[in-house]
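For the numbers below, each heavy atom of this structure counts, side chains included, while hydrogens, waters and symmetry mates do not.
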Amino acid sequence: MPAGTMYICPMDPDIRQDHPGTCPICGMALEPEMPSADEEENPELIDFSRRFWWSLPLTLAVFVLAMFGDYVVPSWSASMRSWVELLLATPVVLWAGWPFLQRWFGSIQTRNPNMFTLIGTGVIAAFLYSIVATVAPDVFPASFVTHGRVNVYFEEAVMIISLTLLGQMLELRARSKTGSALRALLGLQPTTARLVSSDGVEKDVPLSDVIVGNELRVRPGERVPVDGVVVSGASSIDESMLTGESLPVSRDVGDAVIGGSMNTTGSFVMRASAVGAASVLSQIVSLVAAAQRSRAPMSVMVATGSAARAGVLFKDAAAIEALSLVDTLVVDKTGTLTEGRPSFVRAVPVSISEAELLRYAASLEQGSEHPYAAALFAANSSLLLPVSSFESVTGQGVRGIVDGHRVSVGNASFVGDVSSVDVASELASGATALYVSVDDSFAGALIVADKIKDTTVEVR
């Protein structure tokens, strides 16, 4: 883990320290307060798994001897069975169960009784009693003798150890799976940023070196490294990781950008305004981590992690339990129920044919990386026309010369007077109209929409 990592108890968040260990209150292993972006297998899970699997054959052997010894080894005397059980149980209790015995002692020492107090007390009582019953059976009264020997409880001691190890393994694996959601969120943030110095020289630096006020360049296809404000250039940015909005949003000079979002088209320079733990992405991760540490049954904890991997974040685990009282669910249009990509719906021609309208627009958009362009390409069945003098105006549209004609595709203010077409019903249903002009004359509109997923159940 990185230097300075704080470790916290998953059950008692008030317990914090700068090194791994166990909680003095509940006895559970402390875990990093903030997960690392790199997946690291829990060392305690590795240790408990090794102890469980190595000791399991011994546990089973002790169990069989205790329960069915008369049938499995009828030639052995009762005293011999007790000695064999002692030999088999000793490594299980003293080696496999050592972490629990340590936590038992810690709970006694700090006067914080917990589940390990019960586990340790039960195992120690059963094991020590059985040792005395095996080594010195004569110290017990005759009424303690059954079937030729003083009853021993080695099988209870080893079964408690093995079952506790198994339970701890299941819980640690569940926590590991919930942590994968946090690692996925952290993975949205790049490890480097392109720093623009005061003399205009650009170089890649580790993200940890970025401070508030630094100017950073973000190129097409790169993730925004930190929170900041655009100071030059413009682009369309995919912020679905935070807002759920399926389509990229335009960002120009003075607009805020969020660390972890994806720059889709243009290049721009931004000024860092929040880095590290102060960034929006880090705060989201902190909230999810805190929710997973909130007190709840394990099923709720697992549900929190599963929901996070599906893109649903709960601020507190109690919110999941509150869902049992919900009878109405309201969702917005931002990609929650939709495919997350625009598709062509229909063409509304005005001065040219439908095929020409789509062909001109698709030809012009071949120089654009906007998601609408892909929708038009998929719908156009004609050969694309040659394009020159292509120009993209962020947030408004594109223009250029298509096969000798001046063509513009964009919003109403970019194209001009579009009053001759009525697309109010499409706009009211959440679709988008791309208006097209040819040789400075309005030619029609193309309707694109983020369609409902086939898997979305009809809501009534």
Once salt bridge (charged side-chain N to carboxylate O under 4.0 Å, His left out) is applied, do any residues pair with [X], and if so which ones, sequence neighbours excluded?
| X | result |
| --- | --- |
| E426 | R346 |
| E354 | none |
| R271 | E215 |
| D47 | R50, R51 |

Non-hydrogen side-chain atoms of [X] and [Y] separated by less than 4.5 Å:
| X | Y | value |
| --- | --- | --- |
| P220 | S267 | yes |
| F344 | N380 | no |
| V224 | F268 | yes |
| V257 | I237 | yes |
| F63 | V158 | no |
| P91 | L58 | yes |
| Y372 | V398 | no |
| L195 | V210 | no |

Kindly compute the distance separating [atom1] ([X]) from [atom2] ([Y]), expressed to the nearest 0.5 Å.
| X | Y | atom1 | atom2 | value |
| --- | --- | --- | --- | --- |
| L427 | T432 | CG | OG1 | 7.5 Å |
| L172 | S49 | CG | OG | 8.0 Å |
| Q168 | M115 | CD | CE | 4.0 Å |
| F52 | T164 | CZ | OG1 | 11.0 Å |
| E222 | M262 | CD | CE | 9.0 Å |
| S408 | D440 | OG | CG | 7.0 Å |

Taken in chain and number order and not counting sequence neighbours, the residues that satisfy ring pair (Phe, Tyr, Trp, His ring centres under 6.0 Å) with F100 are F48, F116

Look only at the side chain of [X] and the backbone of [Y], and say whether a donor-acceptor pair between them is shorter than 3.5 Å.
| X | Y | answer |
| --- | --- | --- |
| T264 | S236 | yes |
| Q366 | S363 | yes |
| D255 | V230 | no |
| S282 | G276 | yes |
| R251 | S235 | no |

[X]: which residues meet the side-chain contact (heavy atoms from CB on, under 4.5 Å) condition with it, sequence neighbours left out?
| X | value |
| --- | --- |
| T22 | R103 |
| D417 | S419 |
| P206 | S208, D209 |
| L383 | R359 |

For E391, check side chain to side chain donor-acceptor pair (under 3.5 Å) against everything at least two apart and list the hits.
R399

Start with the C-alpha gap between I447 and V423, add the side-chain angles, then the distance that decides, and say whether side-chain contact (heavy atoms from CB on, under 4.5 Å) holds.
CA-CA 8 Å; I447 308 301; V423 291; 3.7 Å; yes

Criterion side chain to side chain contact (heavy atoms under 4.5 Å, CB included) against P225, the qualifying member of L207, V275, N214:
L207

Before you tell me yes or no, could you show the steps for T59 and M159 under side-chain contact (heavy atoms from CB on, under 4.5 Å), namely the whole-Å CA-CA distance, both residues' side-chain angles and the distance that decides it to 0.1 Å?
CA-CA 6 Å; T59 298; M159 289 298 292; 3.6 Å; yes

Sorted by first residue and then second, give each ring-ring contact (aromatic ring centres under 6.0 Å, His included) pair with at least one member in residues 401-420; sequence neighbours left out.
Y360-H405

Do you know which two heavy atoms are closest between [X] and [Y], and how far apart they sit?
| X | Y | answer |
| --- | --- | --- |
| Q283 | A278 | NE2-O, 2.8 Å |
| L101 | V93 | CD1-O, 3.7 Å |
| G444 | V350 | CA-CG2, 3.7 Å |
| D252 | G233 | OD1-O, 3.6 Å |
| A347 | L446 | CB-CD2, 3.6 Å |
| V409 | E365 | CG1-OE2, 3.8 Å |

Counting only heavy atoms from other residues, nucleotides and ligands, does the tally under 6.0 Å from CH2 of W98 exceed 12?
no

Answer yes or no: is there an ion pair linking R219 with E202, defined by an N-O contact shorter than 4.0 Å?
no

Enumerate the salt bridge (charged side-chain N to carboxylate O under 4.0 Å, His left out) contacts for residues 226-236, please, sequence neighbours excluded, ordered by first and then second residue.
none

Distance alone, cut at 3.5 Å: any donor-acceptor contact between the side chains of T192 and D204?
no

For a quick check under 3.5 Å, do S441 and D439 share a side-chain donor-acceptor pair by atom type?
no

Report the C-alpha separation of V123 and W104 in whole Å, then their side-chain angles, then the decisive distance to 0.1 Å, and conclude whether the side-chain contact (heavy atoms from CB on, under 4.5 Å) test is met.
CA-CA 10 Å; V123 169; W104 167 82; over 6 Å; no

Assess whether side-chain contact (heavy atoms from CB on, under 4.5 Å) is satisfied between L45 and M169, documenting all intermediate values.
CA-CA 6 Å; L45 175 58; M169 288 166 54; 4.3 Å; yes

